[in-house]
Every structure is written in C-alpha cells, then in structure tokens.
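For reference, the structure is listed below as structure tokens.
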Amino acid sequence: MSDQNQNQPEIHGVVAYYDDVDGVMNASRKIRDAGYKKWDAYTPFPVHGIDEAMGTKPTILPWIVLGMGLTGLVVGLSLQYFTNAVDYVFLISGKPDWSLPANIPVTFEIIILFSAYTAFFGMLALNKFPHLSNPLHKLERFKRVTNDRFAICVEAADANFDRARVEKLLGVGAEHIETCPTDTTRAALPIWFHGVAAILTCASFIPLAVAFKGRFATSEKPRYHVWPDMDWQRKRKTQTAWEGFPDGRAMRLPVAGTVAEGELRDDFELYFGVAQGSEVPDKIRYDVAKFGADAGAERPEWLAAFPAAVNVDEAFLERGRQRYTIYCSVCHGKQGNGMGAVAVRANALDAAQWGWVPPKSLLSENAKAYSNGELFHVASNGISTMAGYSGQVTAKDRWAIVAYVRAIQATQGLDQTEAPRDADYKPVPTIESVRVSDSSAAGQ
Amino acid sequence: MNTSIELPTRDQVIVRDLSKPATAGLVVGLIGLLATFGLGFTFGDGMRHFGHSMLVAILFFLSISIGALIFILLQHVTSAGWSVVVRRVAEAVTGAFPILFPLVVLVVLVPVFMGKSIIYDWASHDFVWGGGDFTGSELIQSKAGYFGSVFFAARICLYFAIWVGLSRFFSGQSLAQDDDQDPNRTLTMQRRSGVSIILAALATTFAAFDLSMSLNAEWFSTMYGVYFFAGCMFSFLSVLALSTMWLEKRGNLKNVVSIEHYHDIGKLLFAFTFFWSYVAFSQFMLYWYADIPEETHWFHYRMWGEWNGFSVLLVAGHFLIPMLGLMSRHVKRRRNVFAAWCVYCLVFHFVDLYWNVMPEMVNGVGQGDPATTGPAFGLIDITAMISVGGLFLFGFLRKLDGKPALAIGDPRLPESLAFQNV
Amino acid sequence: MTTTDPTASFGGKPLKGQDPRVRPALVEGENETFSTVTEAVARVSEVPVKETNKAWLIGFGVSVTLLGVLGLMLLHLITTGVGVWGNNNPVYWGWPIVNFVFWVGIGHAGTLISAVLFLTRQNWRTGVNRAAEAMTIFAVICAGLFPGVHIGRIWVAYWLFPLPNQMNMWPNFRSPLLWDVFAVSTYASVSLLFWYMGMIPDLATLRDRAINTPRKIAYGIFAMGWTGSSRHWHRYERAYLLLAALAAPLVFSVHSVVSFDFAVSQVPGWHTTIFPPYFVAGAIFSGFAMVLTLMVPARQFFGLKHIITMKHIDVMCRILMATGMMVGYAYMIEFFMAWYGGVQYETFAFVNRAFGNYWWAYWIMVSCNVIFPQIFWSKKMRANLWVVMLVSITTNIGMWFERFVITVTSLSRDFVPSSWGYFSPTYVDMLMFLGSFGLFFTLFLLFLRFLPTVAIAEVKTVMPQAHAHGDHGHGKDGHVDADPTSYGTAGGGGSVAPASKQDA
C-alpha cells in the first residue's frame, strides 16, 4: 500500500517504526534537534523521558483545572448562600440559614466535580478529541502502535520538510519507513445526516421549552397523576359520610364508656366546681334565667372553697396572676374592673350600638357573691357572650385564676369607676386576701 | 546491584562532632526548665500556668517523636524504597523518647500523685467528689477508677515502654545492618512492623486521651486519637525535612538526598495538612451539628469566647494557608522555600496544641471562665518550649552522633538514591 | 513470590523471605513482551460469541435472572409504595440504607486503587485497577438505586437537585442527606470519567485489532481517534494525575459524608466523631474484599494469572487485614468512649449492640471483620486462594452486618422505651438485595467480556522493556518499583500546580 502511494505528490508525512523505546527516543532527539515542529512520536504507552526527548512544553491543563476548582468554590458557596439564606429561607434543626460548617461538604464536592470535569474535558479539548479521521489510521502497520510498535511521523506540512532528509534522520534503528498518503477517502457526511442532526437539535429544546412554560404558566387542570393510588387512596376522610357503616358516618365514635387517657374526670370538685357526687352542671352556657340569684334550690351545689386537689399558696396565686393576665385581663382589666383594653376600645367606639355587651367588673358585689365553684364554672364554660376557657386553660389553672380573682376582689375593688392605670400596673394581692375572700364566700 | 549509582561510603556519611551541641541542648534544656519553674512561681496560680505551658511543650516534642516512630514503621510495613535515605534521621528523632519520659514524670505524674490539680483537674479529690469551692463532677466520678493515680501512671509508663522499645528495636536493627548489610534484618523489621504499628497506634491513641483530652475530663471524642496522630505526622514531616536539610548542609547527606526526596516529604506534608483538616473539621462539625451540651462545651469556649480569634487563626494557619502554600510542586522542590514552610508548619502545630491545652488552664477550677479568659501567651510558654526543645535536641543529637546519617546497609538504598518523582 | 527469586541468599544462608534487594517483576513469565500482554488481555474480549466461556454464560444467566427479580421488585415497590419494605416505626432506615452503604462502600476500592495507590506509586495497581474501577462504578449504581427508590415518589427525584422549579423551592443544603446526593453523584461521575479515560488507549488497541466492522466502529468511536501520540500522552498523563489527585480526597469525602448521615444525628451509637475515618476504612476494607472476590476467579477463567499475580493477591490480602484492623480499632474506641463519656444512652446503645436483641448480628460483624482476616498474618494463607476467597466473602458478609448493626440496633432502641421495636425484613427487602447482586454481576460480566479487563497500556509501563536503557541508570534486572516510570508519579499537591520543566 505504501509503495503504491510513494509516487503521489500528496503525502501526509513520513512514518518510521521502531522496535523498542531506545529507537524512538534516539530518533526523537534527532528530529527535535533538526528543528522540526510538526511531528510526533506514537507509542503504545507513555514513555518516560520522551517529553524531554521531543522538547514538549508542559501543558497548561493544571492551570485551567486550578481556575475551575476556584470557580467551583465560588459557585458552591454562592449556590448554597442564595438558595438557603436568600431565596428560600426556612428554619431547620435550629441551624442558621447560612451555616458554613454544614455547607462545607457540598462546596467540597462541587470543587472536585468542576476540577475533575475540567481535567477530563480539558484534556479532550487540548488533544482535539474526538478526532476520528486521521490519515495515520489508514496505514496497516500503524495499527501496531497501540500494541508494541513505536512510530514517529514527520508531517509534510512542516516548513522544513524534506523527505530525503527526514528519511535519513529517522532511518537509524528503524524497523521500517513508509510515507503516509493524505486521506483522500475522507467523505463528507451524508446529506441526510445534516437534516437529522438539525431536527434532533431542535427537538432537544422541546423538553426545555415545556419546563420553561410550566415555570411561568398557570393551569386549571390538576397535575398528572403517575400512580393514582397515592393521590386517591382507598380511605375515608374525617367528617364525611359513608354508607359502609350503619350510622352513615365515615368516622367511628368511641366505644361507650371509654375514657381517653388523662380525660377521666372523677374529681368533681376539681373539674366541675361542685361537690363530689352531686349533679354535674350542664356544660352548655350558664343559664342566668335558670340559675339566677333567685333560683335558690335549683342551683347546683357549688363548691364554696377550693378543691382538695389544689394547694392554694403563693406560687398558686402567682400562677393565677399569670393566667389571669394572659387570658382574662384583655377584657376584664388587670384590676378586674371590667376595663380591659378590649373594653376600653369598645367603649371608645360605642360598640354597644352593634350589640356589644361590656365585660363585667369582677369587683362588683354581684361578682363577689359568686361562690368559687360558680366562678370556676364561668371561667370554664363562659357566660352570656363570654366564651369558655376550658380548652385553653387547664382545670388547675382555672382554679388559680379563681384564687387570683378572689384576691383582687379582697384587696382592690374599691373604686369601680377608676380609669385603667398604666400598663405596668400589677395588683399585689396576698395569700391572706384569698383566704379572707374565701372565708367570706364560704360564709354566704 | 546498580553500577551507575555510587553508594556512599561509611566515612562520607558518618556524623561527627555532635557531642558539643548535644550537651549545649542539655544545658539549655535544664536551665530553661529551672527558669520556667521559677517563672511559674511568680504567677501565684498554684503552678497551673507552668504545668500547662510545659504540657504544650512536651506534647509538641512528643508528637514529633511519635510521628517519627510511626513514619519508620510505615516505611517498613509497606517495604518502601524511596525513604531509605531519610529513615535514619527519623530513627534519631525517636531517640528523644527516653529524654521526654523523665519530663513527663516530673511535670505530669508528680502533681497527679500529689493530688493537685496543677494540670489535671481530675487529680484533685475535691474537684471530682466535691468539697472546698467545688461541687464535684458526677461524670468524672463515674470513671474515677480510670483516673486513679497509680493506674494513670502505669498507663503512661506503658506508652513510653512501647515507644522506647519499638524505637530502640528498629533503630538498633537499622544500625546493625550498617555493619553487616544483612538483608534478613530488613525482612525481620518488615515482619515485626505490622504488630508494632498496632501497638504504637494504641499507645498514641490512649496517650492522646490521657495527656490531652483528659484536661477536660468531662469531654470526650472518639476521633481525638486520630486528630493527635494527624498532628504528629504533620509536625514530624516538617522536622524530617528540616533535619535532612541541616545534615545535607553539614555534608553528611551531600549527594545522597536529592530534591526528589524533599518533594516526596512535601507531598506527604501536604497530605497530612489535608488529613489534619479533615479530622479536625469532622470532629468539630459533628459536634456542632448535633449540638448536645455535654459535647459542645469544649468547642463553645474555644470558638465563641475570647479564644474565637485564636480558633480562626488555627483554621486559617493550619489549613487554608499551608494547603494553598504547599500545593505547588515549585514550593516542594526548592529547599529554602520548603524549609520556610516547614518552620511555618511547626509553628502552627504549636498553635494547634496550645489551642487544645491552654483553654483548660482556667476551666473548671474556679479561676475563671475560658469563654471570657483569652489566650495568655507569655514568656513562660517560650521558656517551656526552649527547655523541652533543648532536651529533645539532646536526645536527637546524641542518637545521631558518631553514626552514619543514612542507613548505608539497607538493601534498598540504591533504589532510594535513584529515586525520582516525575 | 518465591518463584521470582528462588536463590536469594546472604552469607551462604538463604533469606527468610522475598529478597529486599530486588523488586519482583510485576508481570510474571520468561518471555513476556508488550505484544503478549496485549494479546492476553485483548483476546478475552475478542472471543467469538459462539465460543464464549461456559462459566461466563452460566454466571451471566444467573445474574440476568436476578436482575429480572430486581426489576419486578422495583415495579412492585414503585406502584405500591415503600410500605412493602420492613421499614417501620422505629426502624425507618432498614435494609435499603444498609444496602446503600454496603454497595457504596464496595465502590471505594476502585477509585482508591486508581487514585491513592497511583499517588503513592504502588505500581502493582496496574494489574487490577481497571477491573476495580469497573467494580466501583457498578457498585455505585447499585448503591444509588436504594436511596433512589427509598424516596417513594421517584418521579420527583429531581427535587433532590437544586433545579429551579414552579414551587420556588430549593433543597436544604444543611441536610446531610443532600450532601450525600452531591457526594455520591460526584463520585459516580468522576469515577466514570476516570475509568473511561484510563480505557481510551486500550479501546484504541481493541479498535486496531478489530476483525470486523461493527467492532471497529464501536471501539473506534469510544477511542475518540486515539493514535498514541506522545503529545497526547503528555496531556493525558497530566490529566490522569490531576484526576487521581482530585479523586483521592473524593474517595475520603464520599464515605465520610455517608457517615455524616448517621453521625450528625443525636441517635446513640450513631453520633460519634470517629465515624468519618472509620467508615472510610470500612469502605476500603469491603472494597478490597470485593476486588479479591471478583479477581481471584476472573484471573483463573480468563488466563490472566501472569498479569494479576499472586503478589497482587498477597498485597491485597495485607491491605484487607490492615483495614480490617482499622475497623476493629474503631469498634474498640467506640466502646471505650461509650463508657468513658459517661452518657447513659451511649453506654446502653453499645451494651445493647453486643448483648441485646441483635447480638448475633454484632458478633457476626466482629468475627468476619476483625477476627477472620487475622488469618492473613500467615503468608501461606495469603497464598491459598481458597482461604483468600473464603475470607474475602466473609468480609463482605461482615461489612453488610456492620451497616445492619449500626442502622438497625440504634434505631430499634432509641431514647424512649415505649417506641422500641424489632425490625424484620420482608421478602421484598430480601429479593431486592439479592437482585442488586444481579445488577452488579450482569454489568461486571459484560465488562469482563467486552472491555479491556486490565489496563494494557499501564501494565506495559511497569515492564522492564518500557524504559530506555542507560537512561537514569537503572538496569534490566526487573527492578521496576524504583523506576521513575511516568506512571509512578506521586503528587498530592503538585497536581494542581503547573508542571515544571522535567528535570531529567
């Protein structure tokens, strides 16, 4: 094949083959010293020292990789800063939005990712890969270069190319010398290839365009359900009807007589403010008409003192003050005079015209006449337009409020018309005052 | 076996005239010790500053020696060839173990037996069980047996027995091989190095727990032994490069050690910079993330108090700067530049140990809160370093004196001499 | 091995072992040339389909069957939900996570052999690195499968990545599970690049030997037109060194991040600082065990005994033992610190591990990982291939149990006794794990059959003929480890620095 081509003027270069490393190294030095530029040595494996023998300059690849590594550092940190500390801030496991220690691992991985990809693709780019068409591949002998032969090719394109001289230089120790013809068989890509490539390129933008549209458009339709059983599960939702049960409800009622844990209310004094064993007053709104001052015998047996389950001491009273201030004072006022912030505001707006019922003063004689149990009942279940607080305040805390109300009734309550004092006002009832009011209530 | 490489003769490489510098080291060390002791009195803090400064200095030089021992064992266990020319230097560094032992007895064990919390709070009965100003510590009570003074002293002695024993065996074999060139010695060392590494690793781990981690006996970290080991290698490799350069300059290793060997030491130093950072970061991050009070307190007063700046210094100086600085091959292949970096690394190894030890000086003894009491670096820290350094030098030079500066009988010496990076 | 140097003696007496004065040749055999190496490796992939090795066909058949089982189980899982697994309160992380850590651990040996051993100039790696890298990639694929399907709705798996989406949400970068996504995907893709890049010259060899056009086109495309140009080799080697230097810390980071999944939590038995290096050591341990498990039969069946020699097996056994002891060290330190720390939960967790409900798993783990490998202290045992196979397989088993012990014992006994439970796997758990072996072996057997199993070009560099004579003054004595071969480059750090002029 090479003999046929020798007479053709169009040659790619002269190729010499060597059996061993020494041969290719020596020839390389000669070609290097002869000042050729466009030539290369081809070896089955990287030969140590051949870079020096060929005069190859160190590649700039490491610098590119270093640059991309630093880029990875910046990208990694700013990605995490932007996403977690700026654009989508949320608190998780008590960590600051911008938690550097927690961001190190991902930053590190991104640095490695960027650098490694750069090392690989940088190598490909610098070597101009992929480069599938090469005249050297046409030479049958050249195929052994990837096995056990070493070759040098001096290209005809070199300014100093002189075939005879090159052959002489390469000849020493060479196993074989031949010329490599330029690749005349190199065919253009078929026409259809361009068409298909263009269509595929355009088609590749479709998913991107769909995603882009989805990002900004709104849709009336429900999203596509890949596995419907996760969206429409075989279950009934709460508070819905279902014919599967005789009563037509999807939810089941507790079995009669069951008590949820912690809900056993067998201490009537504590939970209902009445004597143990007596009738438990209805939970519904306290009926003034029924249980008014004149109701007499129909009144439940309200507890006059405090239940045995609570221990009325300073701490209890302080607890009551806190609960009262949180839950009651907005309407009833810190002093209990019914002039809380809500009431003051409502008065200022003349809210009575819309049916506003002002909160009662707890310091009134009427309120003082309530027994402890009755006060507790009101705090629990409400009265008139007042709502019950049993959902928000535990039973013991409601008793603490009762104790505190007793205390302010005993110590304040002098002037019902008194305007609210400054916000920091804090009545300082003592434990004795509770006992006094307690005994007075009991005495009634 | 290789005709083109000339093996150095014994006369060329033998190290002479080191007895004077060695003695100077001993004298400086002893005077320094007295000076540090005297300075320690002036603080009037029950010798606490003295104890801690001395502990930093002892740990500094002990870690270098441990690094040398583990380096030797690693070379044997991997049948390494490149390092033969510098192995003798490492063997000489391990000569400091017998000198460091009496120092540890004096500074560490004596106060423990006296029951004084000069260094270790757990040594004080009151601190552990309550009494005086102290309320006691249940956590330490639960392991009071481990901190019994006899058991503690026995452990310290065991560690030193292992270190001294191993270093004597390996340097002894190596020296004997200088004379008889018997390749069987290499095989023996290789065979024994496996078990030796296990012993050395365990001794080093528990020494790190006992000597350094137990300064705050309520704190614990499984990683601490690895962390200390990373520091050992980091500091030793710097010392190895510096001493090799010194011997080369002196003529003992001339035309023996080439820039290729420094390049390799440099690469290892770089690797251990990274390894130290990896270990230190993991230890910190895991505690920071889980945020359990019994674990975070140790970091808390180091990183959110007066020591904060010092911690930042450590992160920058022990990780960022050397990582960038040692990355380039140009740095590792220029003796002067590399020497400067080695000195730098040693400084930051000191900073690392200082950061580990010194915040505990005021912790838990009613003297103050480490969060509000910052670093108090002073003359006493310098004299402590000079004193232990002098004694270390004495051990090192005495071991080197009158012997070849490289293992001339090692069968792999030609390989090491011909060694080249690319 | 003694075969390389039977007459070594000193002072008239024979030496007690391998002569340290001479490095044994890495490629064994009297008349090995570059060509015979090419032939030995390439012919494996060039066997006509009809003449395929029977053992290969049987193995492939079994693997594909298991792969089918995996496919069915995945279908069942995805259409039904993760409830088909045994994961339930309190053991929410059951077998899927155990399998994930198991496979990703195995996937560490390949890149370790390629990168770390490359940087430390362990030239023996050239015999096994290709297969180990392939193993890495296939193991990481198996690993990625489990957390991938564990998320339940796999069609929204892209939520794991920071992609802009219509919900304006971003992933939580403070979560170690997200670190895992980044670590494992970085590791998988970088390992793939590393593997493929190493294969380019060998694919060119196969291309140039191709006897028919389909082979020529297939190998030709992936060889990218490689000619063996020295200018290309120069950049290629530099890139390879850079990839090695980047992959080395990557290997460490990946299993460290996997360990963070556990260790950043407060669960007793998980939250301990030694986890990162301990997991890395365990990963290398299991990876080398798997390399041995695969390579011992492979070298037998494919006639590669002179390239993957007994010396390779010996070295890998020693690494196995060393990493096994590092793992044992971690077990010991954890136990010590559980007592020393004085935290009652930790203490309980560790006592419970060894003597609680899962005591059997714990002791399987300790026996397989710490006790059995001790047999490799004996050189005879390292040379006995049956023992090597047995121990490498028990190591794989032990390392699976290690992950099981960590995951399940800690979760089944957490802080609140009322939530304690006992984990039992379902048949789906078991078949999926079995099926993952099908996936792994299908891919690996295809690799063995069609791709260059050994790095042909790299093996040639460690042959004595690969060096110019009189250059740098080393002889023809098979003294190769000390040779400054271009592949013997070390350079953790020099890596990202520019290459200086060679000072040859």
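A, B, ... follow the sequence lines: proteins, then strands. Residue 1 opens every chain. These numbers come from a predicted model, not from an experiment.
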Practice prompt. With a 4.5 angstrom heavy-atom cut-off, could you sort out which part of C:D202 is near chain A: side chain, backbone, both or neither?
Written response: neither
Worksheet item: Of the backbone (N, CA, C, O) and the side chain (C-beta and beyond), which part of C:P176 lies under 4.5 Å from a heavy atom of chain A, both, or neither?
Response: neither
Worksheet, complete the sentence: With chain C, the option among A:K95, A:M54, A:R149, A:K128 that has the most non-hydrogen atom pairs under 4.5 Å is A:M54
Practice prompt. Evaluate whether atom CZ of A:F193 has more than 12 neighbouring non-hydrogen atoms of other residues, nucleotides or ligands under 6.0 angstrom away.
Written response: no
Worksheet item: Between A:D97 and chain C, which part of the residue has a heavy atom less than 4.5 Å away: side chain, backbone, both or neither?
Response: both
Worksheet item: Can you tell if the side chain of C:P162 reaches within under 4.5 Å of the side chain of A:L79, non-hydrogen atoms only?
Response: yes
Item to complete: Specify the closest pair of heavy atoms between C:A239 and A:L61, including all atoms of both residues, with the distance to one decimal.
Response: CB-CD2, 3.5 Å
Worksheet item: Do the side chains of C:Y240 and A:M123 get nearer than 4.5 Å, heavy atoms only?
Response: no
Fill in: Student check: side-chain heavy atoms of C:L242 and A:S115 closer than 4.5 Å
no
Worksheet item: Is A:F212 atom CZ crowded by more than 12 heavy atoms from other residues, nucleotides or ligands, each under 6.0 Å away?
Response: no
Response to the item:
Okay, A:P44 and chain C: the region with an atom under 4.5 Å from a heavy atom over there is both
Practice prompt. Take atom OH of A:Y88 as the centre, draw a 6.0 Å sphere, and report whether it contains more than 12 heavy atoms from other residues, nucleotides or ligands.
Written response: yes
Worksheet item: At a heavy-atom separation under 4.5 Å, does A:I60 approach chain C through its side chain, its backbone, both, or neither?
Response: neither
Worksheet entry | Straight-line distance of A:D148 CG to C:I456 CD1, nearest 0.5 Å | 12.0 Å
Fill in: Contact check, side chains of C:T461 and A:H48, non-hydrogen atoms, under 4.5 Å
no
Discussion item. Taking the six-membered ring for Trp, are A:F45 and C:F34 closer than 6.0 Å centroid to centroid?
Written reply: yes
Worksheet, complete the sentence: Distance col, row A:E109:CD vs C:F182:CZ, nearest 0.5 angstrom, shows 9.5 Å
Worksheet item: Does the side chain of C:T205 reach to within under 4.5 Å of the side chain of A:R144, using non-hydrogen atoms?
Response: no
Discussion item. Would you compute the distance between atom CG of C:N172 and atom OG of A:S99 and round it to the nearest 0.5 angstrom?
Written reply: 9.0 Å
Worksheet item: Does any heavy atom of chain C fall under 4.5 Å from the side chain of A:Y117, the backbone, both, or neither of them?
Response: both
Item to complete: Assess whether side-chain contact (heavy atoms from CB on, under 4.5 Å) is satisfied between A:L124 and C:M224, documenting all intermediate values.
Response: CA-CA 9 Å; A:L124 291 190; C:M224 294 202 194; 3.7 Å; yes
Worksheet item: Checking heavy atoms, do the side chain of C:Y187, its backbone, both or neither come under 4.5 Å from chain A?
Response: neither
Practice prompt. Measure the shortest side-chain to side-chain distance between A:V145 and C:T227 over non-hydrogen atoms and say whether it is less than 4.5 angstrom.
Written response: no
Worksheet item: Could you state the interatomic distance from OG1 (C:T33) to CG (A:D20), rounded to the nearest 0.5 Å?
Response: 12.5 Å
Discussion item. Does any backbone or side-chain atom of A:H137 lie under 4.5 Å from a heavy atom of chain C? Answer side chain, backbone, both or neither.
Written reply: side chain
Worksheet item: Is it the case that more than 12 heavy atoms not belonging to A:F129 sit under 6.0 Å from its CZ atom?
Response: yes
Discussion item. I need the residue from C:R207, C:R209, C:E39 with the largest number of non-hydrogen atom pairs under 4.5 Å to chain A.
Written reply: C:R207
Fill in: C:H234 side-chain N/O to A:T59 backbone N/O, donor-acceptor pair under 3.5 Å
yes
Fill in: Residue selection (most heavy-atom pairs with chain A, distance under 4.5 Å) from C:T79, C:L243, C:L178
C:T79
Worksheet item: Which residue out of C:L193, C:I200, C:V190 racks up the most heavy-atom pairs below 4.5 Å with chain A?
Response: C:L193
Practice prompt. Please flag which part of A:F82 lies under 4.5 Å from any non-hydrogen atom of chain C: side chain, backbone, both or neither.
Written response: side chain
Practice prompt. Would you mind checking which part of A:N134 comes under 4.5 Å of any heavy atom in chain C, side chain (CB onward), backbone (N, CA, C, O), both or neither?
Written response: side chain
Item to complete: Measure the CG-CD1 distance between C:L250 and A:I112 for me, rounded to the nearest 0.5 Å.
Response: 5.5 Å
Discussion item. With heavy-atom distances below 4.5 Å as the criterion, would you say the side chains of C:V257 and A:F108 are in contact?
Written reply: no
Item to complete: Indicate whether the side chain of C:W233 and that of A:T43 have a donor and an acceptor atom separated by less than 3.5 Å.
Response: yes
Item to complete: Using non-hydrogen atoms and a 4.5 Å limit, figure out which bit of C:F194 sits close to chain A: side chain, backbone, both or neither.
Response: neither
Worksheet item: With no hydrogens and no angle check, do the side chains of A:N84 and C:W170 hold a donor and an acceptor under 3.5 Å apart?
Response: no
Item to complete: Give, for atom CE of C:M169 and atom CZ of A:F90, the distance between the pair rounded to the nearest 0.5 Å.
Response: 9.0 Å
Worksheet, complete the sentence: Smallest heavy-atom separation, C:Y236 atom then A:N127 atom, equals N-ND2, 4.4 Å
Worksheet entry | Heavy-atom contact with chain C under 4.5 Å, split by part of A:I110 | side chain
Worksheet item: So which heavy atom on A:A116 is nearest to which on C:L246, and how close?
Response: N-CD1, 3.6 Å
Practice prompt. Could you look at A:W98 and say if it's the side chain, the backbone, both or neither that has a heavy atom under 4.5 Å from chain C?
Written response: neither
Response to the item:
chain A shares the most heavy-atom pairs under 4.5 Å, among C:S256, C:A183, C:S185, C:P164, with C:A183
Practice prompt. Examine distances only and state if a side-chain atom of C:K460 and a backbone atom of A:N147 form a donor-acceptor pair shorter than 3.5 Å.
Written response: yes
Worksheet item: Is any side-chain heavy atom of A:T56 less than 4.5 Å from a side-chain heavy atom of C:S230?
Response: no
Discussion item. Whether the side chain of C:R231 engages the backbone of A:W39 through a donor-acceptor N/O pair (distance < 3.5 Å, no angle test) should be reported.
Written reply: yes
Worksheet, complete the sentence: So, the part of A:I50 with a heavy atom under 4.5 Å from chain C: the answer is side chain
